[in-house]
There are 2 protein chains.
Amino acid sequence: MTITEQGLSIAQVAELVGVSAHALRYYEREGLLRNPIERASSSHRRYTEADVNWVRFVTKLRSTAMPIARIKEYAALARQGDATRQARLDLLLVHRMSVVAQLEEMTKSLAAIDYKIATYEERTAQQ
Amino acid sequence: MTITEQGLSIAQVAELVGVSAHALRYYEREGLLRNPIERASSSHRRYTEADVNWVRFVTKLRSTAMPIARIKEYAALARQGDATRQARLDLLLVHRMSVVAQLEEMTKSLAAIDYKIATYEERTAQQ
DNA sequence: ATAGAACTTCGAGCGCACTCGAAGTCAAAC
DNA sequence: GTTTGACTTCGAGTGCGCTCGAAGTTCTAT
């Protein structure tokens, strides 16, 4: 049993992480992963734990609206190794600002929605 | 001077609310507004304060990821008048749940990003 | 009166992030 | 050994939310 025979299948990872197998292949094709996923018997993908963790982090970046292109940059930097550590940190710090801004905007919008809800409930109570 | 000669132009509203004039026409065409916007001299749009407030609320719904189709439903209900007040309230309450869920997910993702940032900074400090 | 800016409608086009489907390969179970 | 189902690649298709541009009209300033 070679090392590439171990690891999780694409369906298992899809289930685990909560993205479609199609999306996993798409992410790999686009270069969002650090490396191409290893293959078992020269065809089926076998994901290591590190691969799964990387995919998980990609979903965190996606759920905070980082564009695919930016994640691709991040992955490309990671592939270059240690020399790009500062660049990756900078990229994440810039993104962090945008996430905080998104949270603030969404919180403000929630307040507006809550205000509207309150006026509806008030009017219902008045009748 | 008739009443339709008053009010703001599309460019003024675009500036004020922070969406493009193209988007404002699109929203109106799609039925996201409560009523068609009144016209001055039978062509140019003239927005009332109520129109602007409605557009502002639409942007709050958009920034919390309510789909155009749902906003369209909401506007259609509003057009029906008082009989649909409860339905509109329900729609907003359902959406509120989704906004809270989004905030929670984004907050969790921010924590993951912060964790990653921390490991980068640690490693930088170690050198 | 006329130039130029701002508006109108309409339909087409675009960018993003997948999603799908065809056609073929591989593997595990019976 | 053959069926069943999960996998493979590849390119095309989809849905969403605008965005753009053409062609014509109207307003404003000079």
Side-chain angles (χ1 to χ4, degrees), chain A residues 1-2 4-33 36-47 51 55 57-75 95 98 102 105 109, chain B residues 1-2 4-33 36-47 51 55 57-75 95 98 102 105 109:
Chain A
M1 188 190 274
T2 74
T4 58
E5 300 301 313
Q6 303 170 332
L8 300 177
S9 72
I10 195 167
Q12 289 172 318
V13 175
E15 168 81 34
L16 210 59
V17 175
V19 302
S20 72
H22 275 300
L24 285 174
R25 291 192 201 96
Y26 168 72
Y27 287 169
E28 186 177 343
R29 229 187 301 153
E30 291 297 306
L32 270 54
L33 308 188
I37 303 298
E38 295 289 320
R39 305 305 180 101
S41 309
S42 83
S43 74
H44 292 194
R45 288 173 178 81
R46 290 292 173 251
Y47 290 77
D51 292 333
V55 171
F57 190 63
V58 167
T59 66
K60 303 294 186 191
L61 296 178
R62 286 294 306 127
S63 73
T64 51
M66 184 182 286
I68 296 290
R70 185 76 44 82
I71 302 176
K72 198 182 303 193
E73 284 176 44
Y74 179 75
H95 181 57
S98 120
Q102 286 176 66
E105 185 178 4
S109 295
Chain B
M1 191 189 273
T2 75
T4 58
E5 301 301 315
Q6 302 171 334
L8 300 177
S9 72
I10 194 168
Q12 288 173 319
V13 175
E15 168 82 35
L16 211 58
V17 176
V19 303
S20 73
H22 275 301
L24 286 173
R25 291 192 202 96
Y26 168 72
Y27 286 170
E28 186 177 343
R29 228 188 303 153
E30 290 297 304
L32 270 55
L33 307 188
I37 303 298
E38 295 289 320
R39 305 306 180 101
S41 309
S42 82
S43 74
H44 293 193
R45 288 171 178 81
R46 290 292 171 251
Y47 291 78
D51 292 332
V55 171
F57 190 63
V58 167
T59 66
K60 303 294 186 190
L61 297 178
R62 286 295 305 127
S63 73
T64 50
M66 183 182 288
I68 295 290
R70 185 78 43 81
I71 302 176
K72 199 183 302 195
E73 283 177 44
Y74 180 75
H95 181 58
S98 119
Q102 287 177 67
E105 186 179 3
S109 295

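To find a chain, count down the sequence lines: A is the first, B the second, and so on, and within it residues start at 1.
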Enumerate, atom names and distances included, each donor-acceptor pair closer than 3.5 Å involving a side-chain atom of residues 25-32 of chain A, sequence neighbours excluded.
from    : atom 1 : to      : atom 2 : distance (Å)
A/Glu28 : OE1    : A/Arg45 : NE     : 2.7
A/Glu28 : OE2    : A/Ile37 : N      : 3.1
A/Glu30 : OE1    : A/Lys72 : NZ     : 3.1

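Contact record, B/Gly7 with B/Arg46: O-CD, 3.7 Å, taken as the closest heavy-atom pair. Shortest non-hydrogen contact noted between A/Ala23 and A/Ser20 is N-OG, 2.9 Å. Heavy-atom minimum distance, B/Ile10 versus B/Ala21: CD1-O, 3.6 Å. The two residues A/Arg62 and A/Met66 make their nearest non-hydrogen contact at NH1-O, 2.7 Å. Heavy atoms only, all atoms of each residue included: A/Ser109 and B/Thr64 are closest at CB-CG2, 3.4 Å.
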Base versus backbone protein contacts along nucleotides 18-30 of chain C [heavy-atom cut-off under 4.0 Å; B, S, -]:
BBBB----SS---
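Atoms CD1 (B/Ile10) and C1' (D/dC18) sit 14 Å apart, rounded to a whole Å. For B/Arg45 and D/dT25, the CZ to C1' distance is 14 Å, given to the nearest whole Å. We find that CD1 of A/Ile71 is positioned 8 Å from P of C/dA17, with the value rounded to whole Å. Atom CD1 of A/Ile37 and atom C1' of D/dT9 are 16 Å apart (whole Å). In this structure, the CD atom of B/Gln12 is 18 Å from the P atom of C/dA5, given to the nearest Å. When the C1' atom of C/dT9 is taken as reference, atom CD of B/Glu30 falls 15 Å away, rounded to whole Å. Rounded to an integer number of Å, the gap from A/Glu28 CD to D/dC10 P is 12 Å.
Between C/dA6 and B/Ser9, no contact under 4.0 Å exists linking OP1 or OP2 to a side-chain N or O. Proximity of B/Arg70 to the phosphate of D/dG17: no side-chain N or O atom is located under 4.0 Å from OP1 or OP2.
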